[in-house]
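First the structure, in the form of structure tokens, and then the observations on it.
Note that this is a predicted model, so its numbers are computed, not measured. Positions are given from 1 along the sequence.
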Amino acid sequence: MAIGETVRYRTTSLSAWKLPKEDSCIAPDNVWSNKDMDPTPPEDRRWTSWTFITYWGCDLLNPGTWATVSSFVVLGLTWWESVLAVFTGGFLCAIVITANGYIGATLHTPFAITARATFGYWGSKFVVLSRCVIACFWLAINSWSGGQFVTLMIEAIWPQYANLANTIPASQGATSKDFLSFFLFWLMQTPFCFIHPSKLAWLFNAKAILVPIVAVGTLIWALKISGSETSAALGSLSNRVAPGAPRFIAFCASVTAAMGTWSTLSLNIGDFARYQRSRSSTWVQMAVFPALFAILSIFAAITAACCYAKYGEALYQPYEVVAKWNTSAGGRTAMFLASLVWALANATTNITANSISAANDMTSLAPKWLNIKRGQLIACTIGVWGFAPWKVLDSAENFLTFMSSYSIVLAPLAGLMAVDFFIVKKGKYDVYELYKPDGIYRYFGGWNWRSYTALLVAVALNLPGMINAIQPTVEIGNIYYLYMLSNVTGDFIAITLYLLLNRFFPAYDSLMEEPIHDVAEYHSSYGAAAESGAARGYYKEKTDDAVDQRVVPAGETHA
């Protein structure tokens, strides 16, 4: 075969993976997009306030939430201090979640598109990539945790599974049995990731009923095994952190970890809020999110405290607690059923919060090559196997460090998106311009240097604290106190600097007199002309004329 023929063959093979270009109702013809990135059409806007209540009720009921709260007890807080830290972190997180949810419900655009207004058309790619990586990381962590429950289910039926020969070096922190169970859970979970959540309602309803039952049963067991030591367990354990500054630092670190758990959804909640019928539906999250977060944390915190009083250690992972039930035939039955429910909880959380979110992000990054299904395939394979979740879950300290460290980037990103919409641009976005590489959200070379300057400063000030958390031998002095509330300080620094930069160096091209939010409203105003595409042509003609045409006078709309 000639060299030229080889090149042509390889080129043809690569182009075969290219997706057919889909027509977009809004993106310019020279922009490769797909319908998943278009604003949500009115017929698909079915979410209500009740939908958000059930969504958070389902998402918060997972082993990760349980482990987060239990790890605070390991840190030296009492059960009620742990619950208070969760509620405080949950409330602060709910403010950002609600704000960005409101934006999604207003624009009906996915998070990857909305981010362009704050970070620039090309600058938003880094934001989307950051969110995508963390979604894959959580997918891996939840899958590894699910594998531990698979181990317990198998041991409940075949106890000899516990003695499976190990060929993995001890330095890995995991055994052959752990990896086999991990593989089995992944094998069972992956097919569900390719089914739309709307078709898995029965699965989510089962989780919403069964997880609270397991949580109550676990709490009753914990109170029973602690016996006469229950009072001490609920009062002040022997590991309680010293009063004064050490206790305050531990509390602040717990608040930060609680916020870090949901910093990902604080950023991309718009991917779900875009399906809302009414913007007012988002406000219910301000109450529902911290309340449900705190309610589940009560069960986890009391259980961890009682286990510490009984065993001298807080079993912060649910699978560590369930493993203690392997003492009789009845205990093994309970161990199997509880493990099955917790594994279900992990799988459903992966479907809604991680698999689909990661796939959405990948689709927006490479729409020519990736769609939702391809993105899910990558997330469920490379995203699960490409990380080392067994290292993160090896100890409560590692778990807390992980949750606190990655949020030093995601928390300011979410805060900047909210403040850009509500304060800098006063809610006046142009949805059409979000899809134009050379539109009003291009800024400087496609990057909004104001938002990235604010982000870099916020991250830089928290970076020494993250390094110290990972490697405690590194001395950083009093800057550690800044890191113990990294989400709050990061948001404050980034937002303050961003507002100052926009005050003295405003991006005039991106500021509008009137908003253009809903494509559907425009199309309905133009009727048949809009449906035929004539109105869209009118919009292109008007916006290509001059820069001042981008500002919409009151009473007029763009196509």
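To the nearest 0.5 Å, atom CZ of residue Phe111 and atom CG of residue Asn100 are 9.0 Å apart. Between the NZ atom in Lys310 and the SG atom in Cys307 there is a gap of 10.5 Å [rounded to 0.5 Å]. Note that the OG atom of Ser143 and the CG atom of Asn350 stand 4.5 Å from one another [nearest 0.5 Å]. Annotation: the span from Ile378 atom CD1 to Arg374 atom CZ amounts to 9.0 Å, rounded to 0.5 Å. Separation of atoms CG (Asp491) and CG (Leu92) is listed at 9.5 Å; rounding is to 0.5 Å. Note that CG of Asp271 and CZ of Arg131 are 7.5 Å apart. Values are rounded to the nearest 0.5 Å.
Shortest non-hydrogen contact noted between Ala174 and Phe179 is CB-CE1, 3.6 Å. When every heavy atom of Leu77 is checked against every heavy atom of Ser254, the shortest pair comes out as CD1-OG, 3.3 Å. When every heavy atom of Thr489 is checked against every heavy atom of Leu482, the shortest pair comes out as OG1-O, 3.2 Å. Ser82 approaches Phe72 most closely through the heavy-atom pair OG-CB, 3.4 Å. The heavy-atom pair separating Pro412 from Leu455 by the smallest distance is CB-CD1, 3.8 Å. Of all heavy-atom pairs spanning Pro290 and Gln285, the tightest one is CD-O, 3.6 Å.
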Enumerate donor-acceptor pairs with a distance under 3.5 Å from any side-chain N or O in residues 326-339 to protein atoms, sequence neighbours excluded.
{"residue": "Ser328", "atom": "OG", "partner": "Gly331", "partner atom": "N", "Å": "3.1"}
{"residue": "Thr333", "atom": "OG1", "partner": "Ala329", "partner atom": "O", "Å": "3.0"}
{"residue": "Ser339", "atom": "OG", "partner": "Met335", "partner atom": "O", "Å": "2.7"}

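Taking 4.5 Å as the limit, some side-chain heavy atom of Trp325 sits within range of a side-chain heavy atom of Thr218. Under the 4.5 Å side-chain criterion, counting only non-hydrogen atoms from C-beta, Val83 is not in contact with Val86. Considering only heavy atoms from C-beta on, Ile476 stays 4.5 Å or farther from Tyr483 through its side chain. Here the side chains of Lys177 and Asn166 are not in contact, with every heavy-atom distance at 4.5 Å or above. Looking only at side-chain heavy atoms (C-beta outward), Phe289 and Cys93 come within less than 4.5 Å of each other. Within the 4.5 Å cutoff, the side chain of Val241 has no heavy atoms near those of the Leu75 side chain. Considering only heavy atoms from C-beta on, Thr175 stays 4.5 Å or farther from Ile168 through its side chain. Between Met259 and Val96 the shortest side-chain heavy-atom distance does not fall below 4.5 Å.
Side-chain atoms of Ser364 come within 3.5 Å of backbone atoms of Asp361 as a donor-acceptor pair (strictly under, hydrogens ignored). Side-chain N or O atoms of Thr65 include one that pairs as donor or acceptor with a backbone N or O of Leu60 at under 3.5 Å. Using a distance-only test at 3.5 Å, with no hydrogens or angles considered, a donor-acceptor pair links the side chain of Ser297 to the main chain of Ala294. One N or O on the side chain of Thr348 and one on the backbone of Ala345 form a donor-acceptor pair closer than 3.5 Å. A donor-acceptor pair under 3.5 Å is formed between the side chain of Ser71 and the backbone N or O of Thr68. Counting only distance, with no hydrogens or angles, the side chain of Ser226 and the backbone of Glu229 share no donor-acceptor pair below 3.5 Å. Remark: the backbone N or O of Gly64 is not paired with any side-chain donor or acceptor of Asn142 at under 3.5 angstrom. A donor-acceptor pair under 3.5 Å links the side-chain atoms of Trp79 to the main chain of Leu234, judged by distance alone.
Summarising the local packing, OH of Tyr311 is surrounded by more than 12 heavy atoms from other residues, nucleotides or ligands at distances under 6.0 Å. The number of heavy atoms from other shown groups lying within 6.0 Å of CZ (Phe248) does not exceed 12.
Using modelled atom types, one finds a donor on one side chain and an acceptor on the other under 3.5 Å when comparing Thr48 with Thr51. For Thr363 and Asn360, the side-chain atoms include no donor-acceptor pair closer than 3.5 Å. Of the N and O atoms on the side chains of Arg274 and Thr40, at least one donor lies less than 3.5 Å from an acceptor on the other residue. For the residue pair Thr256/Ser486, the side-chain donor-acceptor check at 3.5 Å is not satisfied.
With Lys207 as the partner, the side-chain hydrogen bond (donor to acceptor under 3.5 Å, both in side chains) test is satisfied by one option alone out of Asn346, Asn62, Asp59, Thr349: Thr349. Among Ile97, Thr98, Val284, the one residue that satisfies the side-chain contact (heavy atoms from CB on, under 4.5 Å) test with Phe52 is Val284.
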> What's the verdict on side chain to side chain contact (heavy atoms under 4.5 Å, CB included) for Thr264 and Phe137, showing C-alpha distance, side-chain angles and the deciding distance?
Replying inline: CA-CA 11 Å; Thr264 50; Phe137 212 149; over 6 Å; no
> Please walk me through it: do Phe272 and Trp47 pass side chain to side chain contact (heavy atoms under 4.5 Å, CB included)?
Replying inline: CA-CA 9 Å; Phe272 303 98; Trp47 280 43; 3.7 Å; yes
>> Using side chain to side chain contact (heavy atoms under 4.5 Å, CB included), reason through Ser70 and Leu315 one step at a time and then give a plain yes or no.
In response: CA-CA 7 Å; Ser70 299; Leu315 308 175; over 6 Å; no
>> Before you tell me yes or no, could you show the steps for Glu155 and Ser181 under side chain to side chain contact (heavy atoms under 4.5 Å, CB included), namely the whole-Å CA-CA distance, both residues' side-chain angles and the distance that decides it to 0.1 Å?
In response: CA-CA 11 Å; Glu155 289 181 2; Ser181 297; over 6 Å; no
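In this pair, Trp283 and Tyr102 present their aromatic rings tilted. The plane angle is within the 30 to 60° band. Note: Trp385 and Trp186 have perpendicular aromatic rings, judged against thresholds of 30 and 60 degrees for the angle between ring planes. Ring-plane geometry between Phe87 and Phe91 is classed as parallel, the angle between the planes falling under 30 degrees on a 0 to 90 degree scale with a further cut at 60.
In this structure, Phe293 has its ring center no closer than 6.0 Å to that of Trp56. Taking the six-membered ring wherever Trp is involved, the centroid distance between the rings of Trp144 and Phe149 does not fall below 6.0 Å.
Legend: residues meeting salt bridge (Lys or Arg N to Asp or Glu O under 4.0 Å) with Arg247, ordered by chain and number and at least two apart, are absent.
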